[in-house]
Asks: 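Submitted below is the structure of interest, expressed as structure tokens.
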Amino acid sequence: MKIWEPLTDAIGLYRTESCPIHEDALRLAEFARIRPKDRVLDLGTGNGILAIYSEALHGGTYTGIDVEESALQLARESAMRNGQTISFLPLAVMDAPSFFGHGAFDAILMNPPYFTEGDPGARALARHAEASLLSDWCQAAFLLLNNGAAVTLCYPASQLAALFRALDQNRLAPKRIELLFSKDTARLALLEARKLGGDGLTVTKSERKLCL
């Protein structure tokens with residue numbers, strides 16, 4: 001059963017048990033720096049929460065891709081009810097550079113898959129396979145971005161070393177990090193990385209605690 005969940009006074013999102021609303025996506029959209037003229041791609045859009053919420057906050061022209069058609073249909077229905085013009089396409093992340101063309105976007109948003117100790121069977125997946133998946137997403141982002149443009153993503157704070165390796169391998173330079181805390185422990189990192197960017201990194205701590 002799908003349920004309509006307001007995100008702001010003006011827009012909302014359809015959610016289901018298999019496509020819930022996660023706080024990390026909302027915080028990521030708020031952290032992102034998007035200009036009204038930007039062409040923005042949401043990699044692994046799911047039910048469209050990043051694209052829908054970010055468009056409402058910042059403006060821009062958005063496209064979301066995912067391989068799950070049921071999630072994409074929720075995203076389309078949400079955008080239509082909100083009066084938003086967002087394209088949601090059935091497409092794998094690694095197929096996106098050839099589909100759209102290199103340098104097709106001014107900004108990318110992504111919440112890449114990751115595994116934690118609490119995930120059922122998570123450790124049955126080899127760590128090198130997880131690192132390879134993350135690197136694949138970073139490679140796709142590099143190819144899809146204009147030179148100097150940014151990808152904005154979130155990742156567990158405890159796994160930042162793996163994220164930095166994947167970014168470095170794909171010539172994406174971290175420029176901003178905001179750490180989100182639950183109690184006294186950093187749980188989530190919001191990060192902006194620029195294609196072919198130089199040195200210089202700003203690290204901040206969010207004053208808002210994670211609810212989870």
Side-chain angles (χ1 to χ4, degrees), residues 11 13 24-26 28-80 82-114 131-155 163-177 190-198:
I11 67 157
L13 187 83
D24 55 357
L26 299 175
L28 176 57
E30 293 165 358
F31 174 77
R33 296 192 293 195
I34 307 293
R35 299 166 298 183
K37 67 178 182 179
D38 282 346
R39 297 164 296 167
V40 186
L41 179 63
D42 178 11
L43 293 180
T45 192
N47 62 358
I49 184 170
L50 265 177
I52 286 170
Y53 190 44
S54 181
E55 196 270 353
L57 293 177
H58 310 295
T61 302
Y62 286 75
T63 302
I65 64 168
D66 205 288
V67 294
E68 294 292 335
E69 181 57 41
S70 58
L72 289 171
Q73 186 56 37
L74 278 180
R76 295 183 189 113
E77 291 176 12
S78 295
M80 182 177 297
N82 292 327
Q84 296 171 302
T85 304
I86 302 175
S87 297
F88 291 105
L89 306 176
L91 188 67
V93 168
M94 291 309 296
D95 293 333
S98 59
F99 182 86
F100 294 110
H102 292 191
F105 292 93
D106 305 305
I108 286 177
L109 301 175
M110 67 182 195
N111 189 351
Y114 52 82
S132 176
L133 180 63
L134 177 59
S135 185
D136 286 346
W137 281 55
C138 290
Q139 181 185 46
F142 176 86
L143 295 174
L144 287 159
L145 285 170
N146 288 324
N147 289 346
V151 54
T152 308
L153 68 151
C154 58
Y155 215 66
L163 176 58
F164 284 142
R165 284 194 296 271
L167 292 170
D168 183 64
Q169 289 167 1
N170 292 285
R171 294 177 286 172
L172 295 167
K175 306 303 293 181
R176 290 193 302 140
I177 296 178
L190 308 175
L191 185 143
E192 176 191 288
R194 293 203 169 272
K195 178 175 179 176
L196 303 175

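The structure presented is a predicted model; accordingly, all values stated were derived computationally and were not measured. FYI, side chains are in, hydrogens and waters are out, and symmetry mates aren't considered; it's all heavy atoms of this structure.
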Asks: So, for A107 and I34, which heavy atoms are closest and what is the spacing to 0.1 Å?
Replies: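 Residues A107 and I34, closest heavy atoms: CB-CD1, 3.7 Å.
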Asks: Can you see whether Y62 engages Q84 through a side-chain donor-acceptor pair at a distance of less than 3.5 angstrom?
Replies: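 No pair is found: no donor N or O on one side chain lies under 3.5 Å from an acceptor on the other.
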Asks: To the nearest 0.5 Å, what is the distance between CG (L28) and CG (N111)?
Replies: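 Taking CG in L28 and CG in N111, the distance rounds to 6.5 Å.
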Asks: Closest approach of N146 and R39, non-hydrogen atoms and distance?
Replies: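 For N146 versus R39, the nearest heavy atoms are ND2-NH2, 3.3 Å.
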Asks: I'd like to know if R165 and D168 make a salt bridge, using a cut-off of under 4.0 Å between side-chain N and carboxylate O.
Replies: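 Between D168 and R165 there is no salt bridge, as every charged N stays at least 4.0 Å from the carboxylate O atoms.
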Asks: Tell me the closest heavy-atom pair linking F31 and R176, and the distance in Å.
Replies: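 Closest pair (atom of F31, atom of R176, distance): O-NH2, 2.9 Å.
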Asks: Verify whether one side chain among S135 and N170 offers a donor that lies under 3.5 Å from an acceptor in the other.
Replies: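 Side-chain D/A pair, S135 to N170: present.
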Asks: So with a 6.0 Å cut-off around CE of M94, is the heavy-atom count from everything else above 12?
Replies: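 Buried by this count: over 12 neighbours within 6.0 Å.
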Asks: Under 3.5 Å, side chain of D66 to main-chain N/O of G46, donor-acceptor pair present?
Replies: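 Yes, because the side chain of D66 sits within donor-acceptor range (under 3.5 Å) of the backbone of G46.
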Asks: Please confirm whether the backbone N or O of A71 pairs with a side-chain atom of N47, one donor and one acceptor, at under 3.5 Å?
Replies: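 The answer is no, because no donor-acceptor pair under 3.5 Å joins these two groups.
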Asks: How many angstroms lie between atom CZ of F88 and atom CE of M80, to the nearest 0.5 angstrom?
Replies: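 Between atom CZ of F88 and atom CE of M80 there are 11.0 Å.
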Asks: Taking all atoms of both residues into account, what is the closest heavy-atom pair of L91 and A96, and its distance?
Replies: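 Smallest heavy-atom distance, with atoms named: CD2-CA, 3.8 Å.
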Asks: Minimum heavy-atom separation for L167 to C138, with atom names?
Replies: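 Nearest heavy atoms, L167 then C138: CD2-SG, 3.9 Å.
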Asks: List the steps, then state whether side-chain contact (heavy atoms from CB on, under 4.5 Å) holds for L190 with I177.
Replies: CA-CA 6 Å; L190 308 175; I177 296 178; over 6 Å; no
Asks: In a check of side-chain contact (heavy atoms from CB on, under 4.5 Å) between F100 and each of L41, L143, D95, which one passes?
Replies: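 Exactly one candidate clears the test, L41.
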Asks: Evaluate the criterion side-chain contact (heavy atoms from CB on, under 4.5 Å) for residue pair L191 and L163; output intermediate values, then yes/no.
Replies: CA-CA 10 Å; L191 185 143; L163 176 58; 4.1 Å; yes
Asks: Identify the heavy atoms of G101 and L144 that sit nearest to each other, and give their distance.
Replies: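 Taking every non-hydrogen atom into account, O-CD2, 4.0 Å.
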Asks: Start with the C-alpha distance between I52 and I11, add both sets of side-chain angles, then the distance that settles side-chain contact (heavy atoms from CB on, under 4.5 Å), and finish with yes or no.
Replies: CA-CA 8 Å; I52 286 170; I11 67 157; 3.9 Å; yes
Asks: Can you check whether A150's main-chain N or O pairs, donor with acceptor, with K175's side chain at less than 3.5 Å?
Replies: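 Between the backbone of A150 and the side chain of K175 there is no qualifying donor-acceptor contact (under 3.5 Å).
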